[in-house]
Number of protein chains: 2
Amino acid sequence: MVEPPQAEEFIETILSNETARPPGSEQAKDDNRTMAALLNLLGKKHTIVILHQFATGDGPLRFGDLEEAVDIAPNTLSNRLEELTEVGLLTRQAYDEIPPRVEYNATEKAKELAPVFWYLGVWTERHDLEPIATDDD
Amino acid sequence: MVEPPQAEEFIETILSNETARPPGSEQAKDDNRTMAALLNLLGKKHTIVILHQFATGDGPLRFGDLEEAVDIAPNTLSNRLEELTEVGLLTRQAYDEIPPRVEYNATEKAKELAPVFWYLGVWTERHDLEPIATDDD
DNA sequence: CTGAATCCGGTCCGATACTG
DNA sequence: CAGTATCGGACCGGATTCAG
C-alpha cells in the first residue's frame, strides 16, 4: 500500500465535479446501463481478482502468470480474458514465436479502475471479515 | 453523484498514511487473507449490487425492497443476505409483527466500503464498455 | 512449450410454488 | 412479508487434448 500513485489523481477526481450529470438525462441512463453491465461483469467469478492483478502490477501479464496467481481453471481464465478484452478493459497481443507468447495489457479504462482495488486494500487493512475476526469493530 | 459526503473522509484516508504496514508482516498476511475472502465474496453474483444499494441509500432495507431493486431470485437473495450478515457487513433485525418485518442495516464496516461503489459511479460516467461504446477511448 | 478448446461432473443460480 | 423447497439450467472446475 503506502501512498500509491493513484492517490493524487483520485483526489483530483473527487474534488473536481466535472463529471456530474443531470439526473434523469439520457447520459444518466447510459451510465446506469454501463454500471449494470460493469457490475454484471464484476459479478462473474474471478473477474475482480483478475482485474486486481492488472491493477496492482503494472507490466503486461501472460496467461500462465494469471493462471498461477489466481487459482483458476484454464478454460474459465480463457473465458474471462476474452470477455474483458471484448469489453475493452484488456488488450491482447499474440507474438508469433516459439515458444508462443501472448501478452495481456490493461487499457486506460481498466487502469482508471485501479483506485477501486487500491481502496479495497485500504479497507482490508482496517477491517476484517467476521469469521477471521480478531479485534475489529 | 455530485459531491458525495464520503469524499472528505476518503481524502483523509488517502492522505493519512496511518494504515501502512510492513510488507511480509503477520498483519500483511492477514490482510491478504481478508482481501481474498472479500474478493471471493464480491465475486459472487449480485453481492456488489446489493452492497451498492446499502451504500447509496442510507436507511434500512427490507427483503422486498432489495428483491425489486436488484432483480434477483428470493432464494439467492436469502443466501446473499445471510452471507453478508455472517461476515459482519449487514445486521439483521426481525420484528415480531403481522405482517412480519425484517430490516437489514449496513454496518460501519460496510459503510466504509461505500467509496468503492461511489467511485465505480464516477468511472461509469467517464467510460463505457465496448459493446455499448460511443465516443469513449 | 504456451494458450486455449473440449468433454464431463459438480456447484451455483433462477423461476415458481409454497409456508409461517 | 419474508423467506424455504424443489427442480431445471447455466456456469465453473479439472483433466485431457489440440494448435501454433
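So you know, we letter chains A, B, ... as the sequences are listed, proteins then strands, and number each from 1.
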### Query
Does A/T76 place a side-chain N or O at less than 4.0 Å from the phosphate oxygens OP1/OP2 of D/dC12?
no
Taken to the nearest whole Å, CG/B/N75 to P/C/dG14 is 8 Å
In B/L89, B/T107, B/N79, the residue satisfying side-chain contact (heavy atoms from CB on, under 4.5 Å) with B/L84 is B/L89
Rounded to whole Å, CD of A/Q93 lies from C1' of D/dG20 at a distance of 16 Å
Note: for A/E83 and B/G64 on DNA chain D, the residue whose nearest nucleotide lies more 5' is B/G64
Margin query: Please confirm whether the shortest side-chain N or O distance from B/Y104 to OP1 or OP2 of D/dC1 is below 4.0 Å.
Written below: no
note: B/D65, atom CG; D/dA2, atom P; distance rounded to Å ~ 7 Å
Assign each of A/K45 and A/D96 the nucleotide of DNA chain D bearing its closest heavy atom; nearer the 5' end lies the nucleotide of A/K45
Separation of D/dT4 atom P from B/R80 atom CZ, nearest Å, is 14 Å
Contact between B/M35 and A/W123 at the side-chain level, heavy atoms closer than 4.5 Å - yes or no? no
Testing D/dG13, D/dA2, C/dG14 for proximity to the side chain of B/F63, the answer is D/dA2
*side chain to side chain contact (heavy atoms under 4.5 Å, CB included) between B/R62 and B/D65: does it pass, once the steps are laid out?*
CA-CA 5 Å; B/R62 302 176 56 173; B/D65 298 335; 3.5 Å; yes
Could you tell me whether A/R80 and A/E82 have a side-chain N and a carboxylate O separated by less than 4.0 Å? no
To the nearest angstrom, the CD-P distance between A/E67 and C/dG3 comes to 8 Å
Atom CG of A/L81 and atom C1' of D/dC12 are separated, to the nearest Å, by 15 Å
### Query
Is there a side-chain polar atom (N or O) of B/S78 under 4.0 Å from OP1 or OP2 of D/dG3?
no
Winner on side-chain proximity to A/P100, out of C/dC1, C/dA17, D/dG13, is C/dC1
* To do: Answer yes or no: is there a donor N or O on one side and an acceptor on the other, between the side chain of A/T47 and the main chain of A/L41, under 3.5 Å?
  => yes
Which of D/dA2, D/dG13, D/dC1 is nearest the side chain of A/A73? It is D/dG13
Atom CD of A/E68 and atom P of C/dT2 are separated, to the nearest Å, by 11 Å
Rounded to whole Å, the NZ-P distance (B/K44 to C/dT11) equals 13 Å
- Item | Short side-chain N/O contact from A/R101 to OP1 or OP2 of D/dG20, under 4.0 Å | no
A/I72 has its side chain closest, among D/dC11, D/dG3, D/dG13, to D/dG13
Review point. Has A/R62 got a side-chain N or O lying under 4.0 Å from the OP1 or OP2 atom of C/dG3?
Key: yes
